[in-house]
Undergrad: 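One structure is given below, represented as structure tokens, and several questions about it will come after.
Numbering starts at 1 and runs along the sequence shown. In this text the structure is predicted, and so the values were computed from the model without any measurement. Indexing begins at 1, ligand by ligand and atom by atom, following the structure's order.
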Amino acid sequence: MSSQPWWKQAIVYQIYPRSFKDSNGDGIGDLGGIIEKLDYIKSLGADTIWLNPIYKSPNDDGGYDISDYCHVQPEFGTMEDFERLLEGLHSRGLKLIMDLVVNHSSDEHPWFIESKKSINSKYRDYYFWKQGRNGGPPNNWPSFFGGSAWQYDETTQEYYLHLFSKKQPDLNWESPILREEVQNLMKFWLDKGVDGLRLDVISAISKRTDFPDSDTLDFNETIRKYYANGPRLKEFIHEMRSKVWDHYDVMTVGEGPGITPQNAGEYLDDHHGLNMIFHFGHMFLDQGPGGRFDPIPWTMKKFKAVFKTWDDAFLKNGWGSIFLGNHDFARMVSRWGDDKTYWSESSKLLVTLLMSMRGTPFVFQGDEIGMTNITLSSLNESKDIETLTGWREAEKRGLSEARFLEAANYSGRDNARTPMQWSSGVNAGFSSCTPWMKVNDNVRTINVDTQQPDSESVLNYFRRMTSLRKRNPALVFGKYLPLETAHEKLFVFHRIMDKEKLVVVLNFSAENLNFPPELSLRHAIRLAGNYDDMESAVIRPWEASIYRL
Ligand code: TEU
Ligand code: CA
């Protein structure tokens, strides 16, 4: 395995700093809190950390609206704290990936403040400014956060583009000067010894500069057809690679809403592209035409098909990234598992899936202890712009608040942003004062301290699975060969490398299922499983097993 690049063998643990650990008693997670927990992080068996944005920001969108790329958000700490964190990670053999948001900046960034002052500003074309049309926005593009993707500016009487909130104006990558500014800020962090970059919404940085109207009301289709996969995307990625990334030993993973199995390869070629990309094939399965707050049922058949389709796509070019949740989505055990009756078994089953797929696993903080969705009793408890603006749009469509709240409790981003549950003590051991976001009531039973001493806990199962993956190259590099079963709830796949043949058996249901007849386990050795007694004639509810054939 040593000849392979480190990031293909990595296990990435994602930290959302605001909700991870508060070290100075202001109720907000910070870098000092992460430093306090470095030995815990190391104990998980993950070897790389993806840190959500820590830059200066008005926090309109959870830090994804950056007003100064080269300064740490004061609530999170100082540049010295950052350097202590990086040193603490490196001294433990851990790597750090930073989250870079360069599809847009904050409207409080000096670039935008200058740009909006005058049509003759030298920063004017750092952003997209256009005349209105028939007294309205230049086209019909909707924002991810409701309403138009264009905001009118009285001063210069033009509209500016913002695919996300109006406080997140899109950067104009057509400008070579802007691109050089972005390259310089990347070098600023890479020169500090950072090991990689997660590039936010990288699929949208090349705009269709004729700005055609969208011809669909399906939001995810609008993203794919109009926001992502623009005409110069490949060129811009290649330029960053040749001018910046190739000069460092770093990994790059792009966030790619709107990419397809057919075009993903364009962004991933070994010499000019990104190393990896997050696709959203499974993450939008349960989203109707109205997007996140228009939930539709998902099926195991489609879920399995996503993994096969994308594994095929990444066979040709690049390398896969495997995730089941992050700061933008509901908790994986609530979304894909059973967070009530079979909470423990299904949490472990999902960890098994993450650790046995072909591609680098990205695990979101708290999923290693099976943290679940939270139930907001009213929208006043939401801290997420996407939920709050989503409600404004839903209300216009005549949806009741109760119905919308139900959708938000199912799929909203607040679910992922509740304080990390360290203990059953005050404020979940997250902070010595009231946290910025309410703690999940189930903290009494779901927390690190309770699980630490219990060998059968989700936490210790997680640790066994990361260790199993590290010891078994076939789980990392083996060919992915699903066993097509008609059964709607059974997910079975082989991992084959040289003479090593493993099979992963996952029961996504509360039923006892028969083993598929074509699966002969007579001489198999069970390497891992979420039921402690090994033998069973059936596949038990939410049972996960890995066998060596
Ligand atoms: O998310 C962009 C994206 O891919 C969306 O689908 C995402 O899921 C978001 O919730 C809107 O639905 C990235 C970041 O991960 C997200 O936190 C930011 O809000 C967004 O970009 C803007 O920077
Ligand atoms: Ca704090």
Side-chain angles (χ1 to χ4, degrees), residues 14 16-36 50 52-55 57 59-66 72-78 81 99-106 142-146 149 162-171 198-205 219-220 222-224 227-228 253-259 277-284 287 290-294 323 325-330 362 364 383-390 393 408 411-417 419 427 430-437:
Q14 178 193 352
Y16 189 74
R18 185 169 292 274
S19 304
F20 190 69
K21 178 71 175 66
D22 170 22
S23 68
N24 66 339
D26 64 358
I28 297 169
D30 47 49
L31 302 185
I34 303 172
I35 291 167
E36 283 175 14
W50 157 24
N52 286 102
I54 59 167
Y55 321 98
S57 162
N59 199 36
D60 186 58
D61 174 25
Y64 280 88
D65 48 312
I66 297 166
V72 173
Q73 174 74 321
E75 293 172 326
F76 292 161
T78 64
D81 294 325
D99 199 328
L100 208 65
V101 188
V102 286
N103 172 68
H104 47 269
S105 75
S106 164
S143 155
F144 274 82
F145 296 155
H162 60 87
L163 296 183
F164 293 90
S165 87
K166 59 177 179 292
K167 284 184 68 63
Q168 293 171 290
D170 279 60
L171 289 166
R198 178 262 186 188
L199 293 138
D200 189 63
V201 202
I202 199 71
S203 51
I205 59 172
F219 187 60
N220 287 320
T222 294
I223 297 172
R224 191 173 59 254
Y227 300 172
V253 53
E255 189 206 23
I259 65 160
I277 204 154
F278 291 133
H279 70 77
F280 288 82
H282 52 324
M283 301 311 267
F284 293 161
Q287 292 188 7
R292 177 191 299 278
F293 302 114
D294 176 18
F323 71 104
N326 63 28
H327 64 293
D328 284 334
F329 294 98
F362 285 73
F364 183 55
K383 304 290 185 195
D384 179 25
I385 184 170
E386 188 172 30
T387 293
L388 297 170
T389 54
E393 295 303 305
S411 65
R413 303 193 302 182
D414 291 294
N415 284 308
R417 301 177 180 189
N427 302 322
F430 163 78
S431 172
S432 57
C433 84
T434 307
W436 71 281
M437 171 92 192

Undergrad: Hey, what's the ring geometry for Tyr227 with Phe219, parallel, tilted or perpendicular (30° and 60° as the breaks)?
TA: perpendicular

Undergrad: For Gly29 and Phe430, work out which heavy atoms get closest and say how close.
TA: N-CZ, 3.5 Å

Undergrad: Of all the heavy atoms in His104, does at least one lie under 4.0 Å from an atom in ligand 1?
TA: yes

Undergrad: Output the list of atoms in ligand 1 that are nearer than 4.0 Å to some heavy atom of Phe144, sorted by atom number.
TA: 5 (C), 6 (O), 11 (C), 12 (O)

Undergrad: Please write down residue, atom name and distance for the protein heavy atom closest to atom 21 (O) of ligand 1.
TA: Asp200 OD1, 3.0 Å

Undergrad: Among all protein heavy atoms, pick out the one at the shortest distance from atom 8 (O) of ligand 1; state its residue, atom name and that distance to 0.1 Å.
TA: Arg292 NH2, 3.3 Å

Undergrad: Check Arg198 against ligand 1 and report side chain, backbone, both or neither, counting heavy atoms closer than 4.0 Å.
TA: side chain

Undergrad: Checking a contact table here: which protein heavy atom is nearest atom 4 (O) of ligand 1, and how many Å away?
TA: Glu255 OE2, 2.9 Å

Undergrad: What part of Tyr16, side chain, backbone, both or neither, has a heavy atom within less than 4.0 angstrom of ligand 1?
TA: neither

Undergrad: Given atoms OD1 of Asp22 and O of Ile28, what angle do they subtend at the Ca ion (ligand 2), to the nearest 10 degrees?
TA: 90°

Undergrad: What protein heavy atom sits nearest atom 7 (C) of ligand 1, and how far away is it?
TA: Asp328 OD2, 3.6 Å

Undergrad: Enumerate the atoms of ligand 1 whose separation from the nearest heavy atom of Phe145 is less than 4.0 angstrom.
TA: 19 (O)

Undergrad: From the Ca ion (ligand 2) out to just under 3.0 Å, does an N/O/S atom of Glu75 turn up?
TA: no

Undergrad: Atoms of ligand 1 less than 4.0 Å from Phe284 heavy atoms?
TA: 6 (O)

Undergrad: Where do Ala204 and Asn103 come nearest, in terms of heavy atoms and distance?
TA: O-OD1, 3.3 Å

Undergrad: Take Asp414 and Met437 through the test side-chain contact (heavy atoms from CB on, under 4.5 Å) and record every step on the way to the result.
TA: CA-CA 9 Å; Asp414 291 294; Met437 171 92 192; 3.6 Å; yes

Undergrad: Taking atom types as modelled, is there a side-chain donor on Asp60 or Ser165 under 3.5 Å from an acceptor on the other?
TA: yes

Undergrad: Once you measure the plane-to-plane angle for Phe278 and Phe323, does it fall in the parallel (<30°), tilted (30-60°) or perpendicular (>60°) bin?
TA: perpendicular

Undergrad: Among the N, O or S atoms of Asp30, which one sits nearest to the Ca ion (ligand 2)?
TA: OD2

Undergrad: Could you tell me, atom by atom, which parts of ligand 1 come under 4.0 Å of a heavy atom of Val201?
TA: 2 (C), 13 (C), 21 (O)

Undergrad: Could you tell me the residue and atom name of the protein heavy atom closest to atom 18 (C) of ligand 1, and the distance to it rounded to 0.1 Å?
TA: Asp61 OD2, 3.3 Å

Undergrad: Please work out whether the ring planes of Phe280 and Phe284 are parallel, tilted or perpendicular, with thresholds of 30° and 60°.
TA: parallel

Undergrad: Counting heavy atoms only, which part of Phe219 comes closer than 4.0 Å to ligand 1: side chain, backbone, both or neither?
TA: neither

Undergrad: Working to the nearest 0.5 angstrom, can you tell me the gap between Asp81 CG and Ile54 CD1?
TA: 9.5 Å

Undergrad: Where is the nearest protein heavy atom to atom 20 (C) of ligand 1: which residue, which atom, and how far?
TA: Phe164 CE2, 3.6 Å

Undergrad: Which of the atoms in ligand 1, numbered in the order shown and given with their element, are less than 4.0 Å from a heavy-atom of Pro257?
TA: 4 (O)

Undergrad: Can you report which non-hydrogen protein atom sits closest to atom 9 (C) of ligand 1, along with the distance?
TA: Arg413 NH1, 3.6 Å

Undergrad: To check your reading of the model: name the closest protein heavy atom to atom 12 (O) of ligand 1, its residue, and the distance in Å.
TA: Glu386 OE2, 2.6 Å

Undergrad: So, are Asp384 and Arg413 salt-bridged, with charged N and O less than 4.0 Å apart?
TA: yes

Undergrad: Please step through side-chain contact (heavy atoms from CB on, under 4.5 Å) for the pair Phe145 and Gln168, ending with a clear verdict.
TA: CA-CA 11 Å; Phe145 296 155; Gln168 293 171 290; 3.4 Å; yes

Undergrad: By atom name, which N, O or S atom belonging to Asp26 lies closest to the Ca ion (ligand 2)?
TA: OD1

Undergrad: Are a donor atom and an acceptor atom from the side chains of Asp99 and Tyr55 found within less than 3.5 Å of each other?
TA: no

Undergrad: Which atom pair, heavy atoms only, marks the closest approach of Ala228 to Gly258?
TA: CB-CA, 3.8 Å

Undergrad: Do you know which two heavy atoms are closest between Ile205 and Val102, and how far apart they sit?
TA: CG2-O, 4.3 Å

Undergrad: Any N/O/S atom of Ser431 sitting less than 3.0 Å from the Ca ion (ligand 2), backbone or side chain?
TA: no

Undergrad: For the atom pair CD1 (Ile66) and OG (Ser57), what is the distance rounded to the nearest 0.5 Å?
TA: 7.0 Å

Undergrad: For Phe280, take its heavy atoms, then give the atoms of ligand 1 lying under 4.0 Å from any of them.
TA: 4 (O)

